[in-house]
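Here the structure is laid out as structure tokens; the discussion comes afterwards.
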Amino acid sequence: MENKPANNANKATGKSPKFNISWIYGIIILVLVGSYFFNDTVPTKEVPYSTFEEYVKQGVIEKINVFSTKNSIEAQIKKDTEIMKKVYGNKTDIYEKDRMISVRIPSVEEFSKFINKAKEDKLYTGVVDYKVSRDYIEVFLYSILPFLLLILFFVFMNRRMSGQMGGGSGGIFSVGKSKAQLFDKGNTENKTTFKDVAGLSGAKQEIEEIVAFLKNPSKYTELGGKIPKGALLVGPPGTGKTLLAKAVAGEADVPFFSMSGSDFVEMFVGVGASRVRDLFRQAKEKSPCIIFIDEIDAIGRARGKNPNMGSNDERENTLNQLLTEMDGFGTNSGVIILAATNRADILDKALLRAGRFDRQIHVDLPDVHERKQIFNVHLRPIKINETVDVNFLAKQTPGFSGADIANVCNESALIAARKNKSFVDKQDFLDAVDRIVGGLEKKTKITTVAEKKSIAYHEAGHATISWMLEHANPLVKVTIVPRGEALGAAWYLPEERQLTNRDHIQDEMCSTLGGRAAEEIFLNQISTGAINDLERVTKRAYAMVAYFGMSEKLPNMSYYDSTGNSDYGFTKPYSEKTAELIDEEAKDIVAFEYKRAKQILKDNAEGHNKLAEMLIEKEVIFAEDLEKIFGKRQWTSRQDELMAQNGGNDILDDIPEIESKEDTKAISDDKQKVNF
Ligand code: NHX
Ligand code: ZN
């Protein structure tokens, strides 16, 4: 499960612009602003019109520039010390160089009349220059600049938005364009192939078939078969759905469009549908090709039944467009759509029917064999010594996804580096697993002696009961070292069962309640700390009654809705009376288990207390220590049983090649790894 960044990814829509138009705007603005400042450095003296008329009559003026748009003129005084003194007074030295005055005129016509008369009368002999508008700056300021600023603002916004969306093209001028990334064939380096995908053998086989379709369609079409339209990858987070899709891209040798379901969503109405159209238009141009939509539940959620309530028009339009593109009147031969989700049950049924996502490929959490393979992939870059055993690691990590395993390997290397080791050893891996399951160790948390005792008795309660019950998970260790949110924990290695029996649930509930029970019996005081235990027990009890049909008063009834499209809306699919019955039954189950837990603790009070004292002293104790107190556990673990079946061989010794995996759709509750 490697996540190789694809270098050959380039935006499908347009090449990134090498020359940016906003440069032009910037340069224009700079030039104009600059010229404005440079032009304005000529010092002029403002003079009233009447004074100006006087000056003309006195023959002081040499040259006149008329600015008709501004209703003003500029006039130059004759170069004569006397005159200048008269006009500028004691500020002559400032104006001496240009000898300008500026005058507001009543109107251009009036001024013309006056100056023509002055010319006739030979009072004025200089030039009169009518400038249409020397003051283009002013024109610019009032008429063009606002537009320019607006454009600049848009350009700026555009760039910022496209920056947020991952650079390159985009922005508000291309909202309707699809944002799919295109991985084209050709670029061979940094490719993910099926070899990089460890485990997932069943899913891999199915998806390899799709690649085969694309590589050699005639093989299938000659027999009259149709190429599938799409496949849905379903599985919990971190199991490698995206990796599988990347491997398809690497293997198929056809263009591969990749995008996330949320990429369709934008704040503008109608954008989603338009993006879907655009995506398919591009894909058809490049056909045969593959479209991959990650997290498709963002758009594919079931459409609301009630148009007034809880419906999301924009999302539904997007979905409708996707539905028609996938199997409408238009042909899109050669375009295969892959999509990934971890919630296939909430998807719209129309999306799952034949002709659209007609195959569902289930990507489950890896089993022990697959974990071994995944570990082998991720251990490649890590320097390990001989204490590290892949089989052991695979067994120690039930319920882990591929991403979790990658995390364990990385974390172990960091832990070893922190300890200045030159190799990563077994203990580092165990610490990494603990770290990932339980959170950071908090050795510095301050606890009083009384608190410590309370924690130890609580944890010892869990440990004692799980040791005494046949179907409880086998214990690994008990600690009172705070970690994450918890002050202490009993760690189990959950059995990877295919089926969970009532006994299993009951025994697990009983041992989970053991903490609270021990507090009550041995300390005569119950604490809030059991909140997490109680939460899980309560949920389990309700699941037993309402989902698994395991209670006496509501036998064989399940109100679980796997179709997800119930018409009940927010109401429950059962009557108030049944609701009361469920509550009652759940309460009874918990009460029964709690009583059982207390009884077991009373029967084993001596051992429990010894265990608790030992915990206070040592802080961490392992299964071997429990063996010393209680004697060997009577029951073999599932692991041992499988080993016995296998003729004394470890199940991991020879890995059977898994042909195909059934789509098990078990309602697995939260895979419990630690009993906090
Ligand atoms: C508190 N924590 O909140 C303190 C710091 C009964 C000895 N005041 O049952 O640590 O009380 O068997 C996930 C996992 C809350 C979420 C554990 C949220 C624990 C854990 C409360 C031991 N071990 N309780 C346990 C515990 C607490 C808590 C959690 C969570 C205690 C108990 C937490
Ligand atoms: Zn507990």
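In each ligand, atom 1 is the first atom listed, and ligand 1 is the first ligand listed. The model shown is predicted, which means the values in this text are computed figures rather than measured ones. This chain uses plain numbering: 1 for the first residue, then up along the sequence.
- There is a side-chain donor-acceptor pair under 3.5 Å between Asp294 and Thr242.
- Counting the atoms of ligand 1 from 1 in the order shown, those under 4.0 Å from a heavy atom of Ile455 are 7 (C).
- With Gly529, Ala490, Ala460 as candidates, the residue nearest to atom 11 (O) of ligand 1 on a non-hydrogen basis is Gly529.
- Cation-pi geometry between Lys426 and Phe392 is met: the NZ or CZ atom falls under 6.0 Å from the ring centre, inside 45° of the normal.
- Here's the thing with His462: one of its N/O atoms is less than 3.5 angstrom from an N/O atom of ligand 1.
- Taking a 4.0 Å cut-off on heavy atoms, Thr528 fails to register as neighbouring ligand 1.
- On a distance-only criterion, His458 and ligand 1 share at least one N/O pair closer than 3.5 Å.
- Taking the ring centroids of Tyr457 and His608, they lie under the 6.0 Å cut-off.
- In this structure, of Ile531, Ile480, Val478, Leu487, the residue bringing a heavy atom nearest to atom 10 (O) of ligand 1 is Leu487.
- Under the 4.0 Å criterion applied to side-chain N and carboxylate O atoms, Asp625 and Lys618 are assigned as salt-bridge partners.
- There is no side-chain donor-acceptor pair under 3.5 Å between Glu520 and Asn524.
- The angle His458:NE2 - the Zn ion (ligand 2) - His462:NE2 amounts to 100°, with values rounded to 10 degrees.
- The shortest N/O to N/O separation between Gly488 and ligand 1 falls below 3.5 Å.
- Residue contact check: Glu459 has heavy atoms under 4.0 Å from atoms 12 (O), 22 (C), 23 (N), 25 (C) of ligand 1.
- Counted by atom type alone, Ser260 and Glu295 present zero donor-acceptor pairs between their side chains at under 3.5 Å.
- Considering backbone and side-chain atoms together, Glu519 places no N or O closer than 3.5 Å to any N or O of ligand 1.
- With respect to the salt-bridge test (charged N to carboxylate O, under 4.0 angstrom), the residues Arg497 and Glu495 do not qualify.
- One finds a salt bridge joining Glu584 and Lys553 here, because a Lys/Arg side-chain nitrogen approaches an Asp/Glu carboxylate oxygen to under 4.0 Å.
- Counting the atoms of ligand 1 from 1 in the order shown, those under 4.0 Å from a heavy atom of Ala486 are 10 (O), 17 (C).
- Looking at Asp533 and the Zn ion (ligand 2) together, the shortest N, O or S contact belongs to OD2.
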